[in-house]
Peer 1: 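One structure coming up, written as C-alpha cells, with questions to follow.
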Amino acid sequence: MPSPPLSIVQSLSPRIAVLTSQDVIQSCEANGCRGLEELLRPWEGGTERVSILSTTLSPTIHPTFPVRFVSFESVYTNPALSAPSPDVTVDLISSFVGAKKPDEEQHYAITRSLLLSSRPLASHETFNHPVGILFAVSTATPDPLGTLNKLHTQSTTSAMQNVPWMDGNTVLRFYVVVHDVNMMGDDMAPAHELLANVKKAYGPHSTLLVINSQIEHREPPMSPDIATHPSIPLPRPFTPEQSNPSALSQVYASALSSLTLSPMAAASASLGESAVSDTPFSPSRPVRRKLYGAKLTAEDTQRLAALVRELVVQSLVPWMEARVREWNEVYHANRRGITGRLFGAGRKFFGSRPNSPSPGTTPTGYNTVKGYYPTSAVEALSRRLADFAFMLRDYKFAGGVYDSLRKDFAQDRAWRYAAGATELYGLCLLLSHPYFLPSSPPNTTTRPIPFTNLQHTEITSWLEQAITAYHQHSPVTQIQLDALRITVLYYEAWKAIGEWRNVGYCLVKGSGEVDEVPSAVMIEEAAAADVKGGKSQKGKRRRAFHLVLAARRYETAGLKTYSRRCLERASQIYRDSPWTSAQDRIEYSLGRQAYTSGESDVAVEHFLRLLRREDTGVPGSQGGPLQDMAQAYEQLASRPELLAESSEKLQLPTPVFDVQKTQIIPSSEASTSGASRDRWVELEAQALNTWDRKGKKPMALLPDEKRITVGVDETFQVELSATNPLNAPLVLKNITTTFDSTESIDIETIPEITLDPYETRTLSISVTPRSASVSTLNLSNVTFLFHQFFPCTQSLVRKGKRLHATKAQRVNPTYAEDQSLTVSITPSKASLFVELEGIPERLYEGEVVEGKLRLINRGKLGVGDVGMIWDEYGMIRRKDDTKHQDTSNTNIPNTIQNNTIQPLYADDIPPGEQREVSVIFTATKAESIELLGLVLFSTSDDNTASTAATSIYHSVVVRPLLRLNAQIRSTGHGVQEYTIVLQATNYSSEVVKIGGISGISPVWIVNSNHSSEIIHPNQTLRSLLSVKYNKTHHHDLRQSNVIEALGRLVKGQPIEEVSTDLQPDISLTSNDLTADQIQSYLVHRQLNRLEQISAQFPTILSGYLGKLFQLVDPLHLDLVVDYSIVTSPSTMPPRNGSAYIHSLSLAPSFSLVEGLREEINALIISGNKSQRTMYEETSRLRRLLMTSVLDGVLSREDDPVRVRVKVGDKGKVKHDFKVGPIRLPITFEISNTSPLLPTRYVLNLPKPSSTPNELLSTPQYVESLVRKGQLQPGEKEEVKVDIWVHEPGVINLGKWEMLTEVGGLVSQQDGNGGEGQRWKARRSWSRIGGEKRFEIGGL
C-alpha cells in the first residue's frame, strides 16, 4: 500500500522518552546497549498495519507506524543535548559527506538523515516533544514499586523545571516490567506478580518484557560493521530457525549506526564525542562495544518487537486519538466565539492578550520577551493538536488547523510559529495527494496523477513563504537549518509522486546564500531535479548552472572532490552546447583544482580544452590558460610514467594543421599552388593543341594529379597550412614531418614560427630522397612543440573516396586508401627549375617592365630547346634585340594569334648550371592577375629525345592609372576631316608624364602637335588631334572575306570547315611606335578585339574567332598614349607604359551584310534547307547565330549626309529697308561622309509662315522649294537658294526637311533585251532641320 516516504514519517513520528531503573540499564549493557531505548531501537519502525481513526471516526489501516525512543535525560533533564547545535550539525554533515567518495552518491542521503534527525527541541512545534514516557523497572530491583514511584515523580517535575513551554504532564505513561532471565532465572511467577501490582497501581498501560534468555555460553560472533549510514533499517524479529548471533549483532549495529535512527550515537562513535549522544556518557556507561545482543535469543527479539507493537496499537494510537478529539472540541469552541468569527479584528479588540503578564496572573498569550506561548495557551494546544493529527496521518484536518494557526501567529508577530505552521500547511496539502492514501492500490507501471498547475503553485508558495521567513530573521552568513529541513521534506514527497516542476528552484531557494556543505548538497540535488520529469533537454542549461553553483560552495566548504565532480558534470553539458564562456570558466576551475591536488595530467587535460578556437572570446584571454598549462605540463614531465599513461588523452582540441589543405608539391609544381587545377589543365591543352616542337608530342605536360613522382636527389615540398586557433600569440617550434619510412631521406625542420591570433600561414618543408631503395613514401604525421613546451603529433592521414560497391560498404562507411600524400621515388631525371624575377607585385595598367627568367638545371641530365607558354596571351614575351630592326615598316600583323609555345632559350644547359633570359611583362588590365606558365624543355636520355615541362606561377596586382576619353568633332573644312578632343585623367597617386600620342589606323591619318605634359593625381589633360581620311588606301572596307566566311557559317556549313582568307598583315597610314611598343600594342589590340567579337557573336566558340575575323577593322582608329611615372628619387629605374583607346569609329557605319541578307532571304523564299550543323542542335542557338550576324553590329548603318547652312557674315546682315526689300543668298552645304557608299538626297524648303506675331519668322524662299542631288563617297555639294526679306528681324533658317538614301547602281535588263543600270536604295532617312537663327538689321 502507498504511504508517505519513510523519511518523512520517521522524522515526524511520535517520540517516546524512556526512563528506567539502574537494573534495566545493566541488563541492556549486557547486550551492548546503553539503555532500553537502544535495545528497542531496531524494532521502533517495524509496527505494521496499524488502524487509526480520523477526526471523522473513519478507520484507516496504515502500512507502518514508526516511533522514536529516546532517553528521558536527553529530553527533560538536559534538553540542550537532545540535538546538536546548527554549527555542530553542519560540521557533522561536512565530516560525514567528506568521508565518503563522490562516486558512492551518499552525500544527499547523509545530509537528509542528519537534517531530519537533528531536529531540535523547539517551542514552536511539538514533533520532538515526547508523546509518552516509558517507565521500566526490573524484577531484580529490590523495591520495584518504590523505584517506579520515584521515576514517576521525576517525570512530573523535570519538564516544568527545565522546559516551561513543553507539556510534560499530558503524555502517555507506559509501564514495563523487565525480567532478565540471565540474572533472575526462568521463573516467571515473580514477574507476573509484579506486573499485576503495577497494573493495579498505574493502570492497564503496562506489560512484561522478558530479555536475556541466552543462559548458555556461546562463542562471540564476529565484530559487526558499525560504519555510519543514512538508511533506515527495518529488520524483522528472528525465529528460532533463523537464530544467528552474527546476524543479530549486525541488526543492532546497523540500527545504532544509522544517522536516521541514532544520529547522536552514530556521531558520537564517529567523532569520539559523548556530548552529542542521546545517551549521555557516564562511568557506568562505557563506550559502545562492537558486539551486540550477546544475551538475546530469537524469542527475545520477538518479545521486543511485540512490546513496541503493543505500545503503539493498544496504548499510543488510542491515546493520541482521544487527545485529538478532546483538543478538537477546545479548538472549535475557541474558533466559534466572536474572536474566531471576526478573525483579526475580533482578536485585536476583544480577545487579545497582554504582551507582558500582570502580576499574580498566569500568562496565556504570546510572550514576546521569551518568544513562546505557554502550554496553557489555546495556540499552543492547537499547535499540538495539529501535530498529533499530522502524526496520525490525518493531513486534511491537520492542514486546516495549521492554516488557521498561521494567521493567528502572524497577527501575534510570532514569526517562527507562523513559519512553522505555514510550512506544515503546505506539506499537508502535498501529502493529501491521492497517491499517499493507504487505500490506493500500489501501481509501479504508471505515473501518479499530477497536481494541477494551480495546486502545485499554491503548495510551492507556502514553502517559499516559510523559507523566506526563516532567511529574513537570520543573518545572511548563517545557515538556516529549519529552511533546509522543510525543503527536504517537500522534496521527498515530490520525488515519491514524480513531481518535478519548479523543484530545483525550491531546493536552491531553501539552500540560502551560505557556502556550507548542506547548501551545496541541496543545490546539487536541484541540478539532478532539473532534468527529470520529461524535460531532460529543456533543463540541461539550468542543471549546468546549478552544478557550477554547487561546485563553488563545495570548494568554499573545503570538499574539493565534490566540487570537481560537479564541475566535470557541468562541463560535459557545456561541451555539447554553444555556451563557450561558461564552459571555459568550468574547465579553468577544474584545471586549477587538479593542479593544486597534484593531478598534473588531469590539469593539463582541462587546460587543453580551453585552447579550442573561439571567435567570440576576449582577445588575449587564452594566454593565461596557456601559461597555466605550461606550469602543469612541467610538473607532469617530471613524472615520466604518468606522462606515458596520459599521453593518449592529451590531445589538442583544435588541430593546428589543416589536413585537407596539406599537399605534396614536387619542385616542378612548387609554383602552382596559387591557382586551380582546371586552369593548369587548360593551359596544358593549349600547349599540346599548338604543338610545333621537335620530337614526339608527349601525352601530358603536367604531372599526374593522382600520382606524385619525384626523382632521387630531387627536392619536393610538403606544404602545410598552420592556423593559430587561439586569440593569443602562439609559438610553434621544431616543426617537421614524418613518413612511413625514414630510410635515405632528408627532412627539413622549421626551427620556430610565431602566429598571431587566428593567423593562417602556409609552411613548406623540404624533403629530399637520397635513394630509390624505397619506391614510395607515405606522409603520416607532423610533429611540433606547441608553444615551445607541449610536444604534439598530428596525423596527416586522410580518408579516400567513400566506397559503395558492396552492401557491407554501404551499411558501414568504408573508404578507399588515399593516395594524395604518397610520393613515388624514381631514379634521377631531368629537372629544370624556373624563377621569374624583377616583376613587381604591384603595377599600373599599361605599364611595361623588364624581368628575367632564371633557368636552373637541378637534375643530372642536360636540357635544351627551352620554350614557354602563358595562359595570358602576350603578357610575358621574350625581349628581342631591337637595335637593328627596320622602323620604317608600316605593316603590322592582321590576324588574331593563337596562344602558342614561344621559344625562350635554344642552347643546352648542362647539369648544375643556370641561364638568365630577359623578358618583358605588359600589364594589360587593371585587376589582380594570377599568371600561369609552362616552361618546356627537351632532354636526351639514351639518344631518345623527350620533352618535359616546369610550371611557374606569378601573381601581380594591376591598378588603374590613366582613364582616356575621346570626343569626335567635324572640322567643317573637309568632308572627312575630324578633330578629336582627348582627355587623360590621372586616377593614381603618382605623378605621370604624358609623352607622345599616336594614332594607328589603316585609313585615318592622325596629326598630333602634343608636347610632353605632367599630370598630377586627379588632374585631367586635354589634347587636340586632327584626323583626315586617306583616300589613297587600297583596303577592302567591305571585309568581303570575313562576310563570305560568316555567310557559309549562317548557311549551315560546319564551323570546323569555315575559315576566312585573311591577309597576314595590314598597312598603316603611319607608324611612330618602336618595335617594343608595337608588340605591346598588338597584345592590347588582340585582347580588346577578342572581347568585342566574343560579346557580339556569343554563339561562336572563342577558339574559332581567330579563323573568322581579322585583328584590325580598316575603318577603326586606335590611340596610343605613352606615359612615364615620375619617380623619386631620380636614381630609381624609370617606369614606362602606354594607355590605349581602341576602335574609335569616325566614319558613319554601313551594313557589311546587306548582300548576305538578301541571299539568305532568297534561300528562305525558295525553301532551300541547309544541312544540320552543331549550331542547329536547338533552334534557339540557330536563331542567335543568324541574329548576331544579320542584325548585329555588322548590319548597322548610319545616315552619312551632313548638312550645314551658311548665311551672311557671322550670322548678321545689314540692309537699308527704306530702299526696298532684300534678296538674301543662303547656302546649304551637303556632304556625303561615307567612305564607300553614294547617296541621294531631297531638300524640301519650308513655306513662309502665315502665323502673325511670331518671334521667329520663317523665310520666304525664292524659286523652287525642292532641291535634289546625288553625292559620291566623300563628295560635297553646295545648294544655293535666295530668300526675300521685307523688314528687319530674326529669321529661323531651320524647319527644312532632308530626305536621304544610300545605295548604288545595279545592272538590269531593259525592254529591248539590252543591259542597263538602275539605282538600288539600301536604306533611307528623314530629318527636320533644327533651329538656326540669324538677324537682319536696318541701317
Side-chain angles (χ1 to χ4, degrees), residues 1-16 37 39-69 127 131-132 134 172 174 176 204-209 231-242 251 254-255 258 260-261 298-325 387-398 428 430-444 448 492-493 496-497:
M1 291 183 292
S3 176
L6 185 59
S7 56
I8 299 178
V9 175
Q10 175 67 33
S11 64
L12 301 179
S13 60
R15 209 175 190 196
I16 309 297
E37 69 278 0
L39 192 65
L40 296 173
R41 184 65 45 77
W43 323 106
E44 63 184 14
T47 306
E48 299 177 347
R49 297 189 60 81
V50 178
S51 179
I52 303 176
L53 288 176
S54 66
T55 52
T56 59
L57 301 180
S58 57
T60 303
I61 298 178
H62 293 271
T64 183
F65 193 89
V67 293
R68 294 176 291 165
F69 293 104
F127 285 107
V131 177
L134 187 150
L172 169 68
F174 191 82
V176 178
H205 297 295
S206 307
T207 189
L208 173 65
L209 174 63
S231 60
I232 305 176
L234 296 175
R236 290 185 177 275
F238 291 85
T239 62
E241 294 79 8
Q242 298 172 339
V251 165
S254 299
S258 172
T260 303
L261 301 181
E299 292 80 0
D300 291 340
T301 61
Q302 294 176 1
R303 296 186 189 103
L304 289 170
L307 170 64
V308 176
R309 181 171 182 82
E310 181 182 352
L311 170 63
V312 171
V313 175
Q314 298 183 13
S315 299
L316 181 62
V317 170
W319 184 84
M320 292 180 68
E321 293 171 347
R323 299 290 77 74
V324 168
R325 290 192 293 271
D387 291 346
F388 269 43
F390 188 94
M391 288 185 282
L392 292 176
R393 321 276 178 88
D394 194 351
Y395 300 120
K396 185 175 181 180
F397 173 74
C428 288
L430 180 56
L431 295 178
S432 299
H433 191 278
Y435 176 78
F436 297 122
L437 295 178
S439 58
S440 299
N443 191 348
T444 59
E492 289 296 307
I497 61 175

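Computation of the quantities below employed the complete heavy-atom set of this structure, encompassing side-chain atoms and omitting hydrogens, waters and symmetry-equivalent molecules. In this chain, numbering begins with 1 at the start of the sequence shown. What you see is a predicted model; the values in this text were computed from it and never measured.
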Peer 1: About how many Å separate OG1 of Thr260 and CD1 of Ile232, when rounded to the nearest 0.5 Å?
Peer 2: 4.5 Å

Peer 1: So do Leu316 and Phe174 actually touch side chain to side chain, heavy atoms under 4.5 Å?
Peer 2: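 A side-chain contact under 4.5 Å is absent here.
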
Peer 1: On a heavy-atom basis, which atom in Ser54 and which in Ser58 lie closest, and how many Å separate them?
Peer 2: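 Residues Ser54 and Ser58, closest heavy atoms: OG-OG, 2.8 Å.
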
Peer 1: Between Thr55 and Lys396, is a side-chain contact (heavy atoms from CB on, under 4.5 Å) present by the stated rule, with each step listed?
Peer 2: CA-CA 10 Å; Thr55 52; Lys396 185 175 181 180; over 6 Å; no

Peer 1: Side chains of Leu172 and Met320: closer than 4.5 Å at any heavy-atom pair?
Peer 2: no

Peer 1: Just jot down the ring-ring contact (aromatic ring centres under 6.0 Å, His included) partners of Phe390, sequence neighbours excluded, or say none.
Peer 2: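 Here the qualifying residues are Phe127, Tyr395.
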
Peer 1: Taking the side chain as C-beta and beyond, is there a heavy-atom pair between Leu430 and Ile497 under 4.5 Å?
Peer 2: yes

Peer 1: Which atoms form the tightest heavy-atom contact between Leu261 and Gln10, and what is the distance?
Peer 2: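 For Leu261 and Gln10, the tightest heavy-atom pair comes out as CD2-NE2, 3.5 Å.
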
Peer 1: Is Met391 close to Val131 at the side-chain level, that is, under 4.5 Å between some pair of heavy atoms?
Peer 2: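 Yes; the side chains approach each other to less than 4.5 Å.
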
Peer 1: At what distance, to the nearest 0.5 angstrom, does CG of Leu392 lie from OG1 of Thr60?
Peer 2: 10.5 Å

Peer 1: Report yes or no: does Glu321 contribute a side-chain atom to a donor-acceptor pair with the main-chain N or O of Leu53 at less than 3.5 Å?
Peer 2: yes

Peer 1: Rounded to the nearest 0.5 Å, what's the gap from CZ on Phe388 to CH2 on Trp319? Could you check?
Peer 2: 4.5 Å

Peer 1: Backbone N or O of Ser254 within a donor-acceptor pair of the Ser258 side chain at under 3.5 Å?
Peer 2: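 Not confirmed, Ser258 side chain does not pair with Ser254 backbone.
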
Peer 1: Taking the side chain as every heavy atom from C-beta outward, state whether Pro235 and Trp43 have any atom pair closer than 4.5 Å.
Peer 2: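 A side-chain contact exists here, since the closest heavy-atom pair is under 4.5 Å.
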
Peer 1: Measure the shortest side-chain to side-chain distance between Thr47 and Val313 over non-hydrogen atoms and say whether it is less than 4.5 angstrom.
Peer 2: yes

Peer 1: For Asp394 and Ile52: C-alpha separation, side-chain torsions, deciding distance, then whether side-chain contact (heavy atoms from CB on, under 4.5 Å) applies.
Peer 2: CA-CA 9 Å; Asp394 194 351; Ile52 303 176; over 6 Å; no

Peer 1: Search all heavy atoms of Gln302 against all heavy atoms of Thr239 and return the closest pair with its distance.
Peer 2: NE2-CA, 3.6 Å

Peer 1: If you round to the nearest 0.5 Å, how far is CZ of Arg68 from CG of Leu12?
Peer 2: 7.0 Å

Peer 1: Grab the two heavy atoms, one from Ala493 and one from Phe436, that are nearest each other, plus how far apart they are.
Peer 2: O-CZ, 3.7 Å

Peer 1: Distance from Arg393 atom CZ to Leu431 atom CG, nearest 0.5 Å?
Peer 2: 10.0 Å

Peer 1: Would you give the length of the straight line joining atom CG of Leu307 to atom CG of Leu39, rounded to the nearest 0.5 angstrom?
Peer 2: 9.5 Å

Peer 1: Does the side chain of Val9 come within less than 4.5 Å of Phe65's, by heavy atoms?
Peer 2: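 A side-chain contact is absent here, since even the closest heavy-atom pair is not under 4.5 Å.
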
Peer 1: Identify the residue among Arg303, Gln314, Glu310 that makes a side-chain hydrogen bond (donor to acceptor under 3.5 Å, both in side chains) with Thr207.
Peer 2: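 Of the listed options, the one satisfying the test is Glu310.
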
Peer 1: Determine whether Arg41 and Pro233 make a side-chain contact, defined as any pair of heavy atoms from C-beta on separated by less than 4.5 Å.
Peer 2: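 They are not in side-chain contact.
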
Peer 1: Taking all non-hydrogen atoms of both residues, which atom of Ser51 and which atom of Pro59 are closest, and how far apart?
Peer 2: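 So the two residues come closest at OG-CB, 3.9 Å.
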
Peer 1: Hey, mind stepping through Leu311 and Phe69 against side-chain contact (heavy atoms from CB on, under 4.5 Å) and telling me if it holds?
Peer 2: CA-CA 12 Å; Leu311 170 63; Phe69 293 104; 3.7 Å; yes

Peer 1: Which heavy atom of Pro240 sits nearest to which heavy atom of Ala298, and what is that distance?
Peer 2: N-CB, 3.8 Å

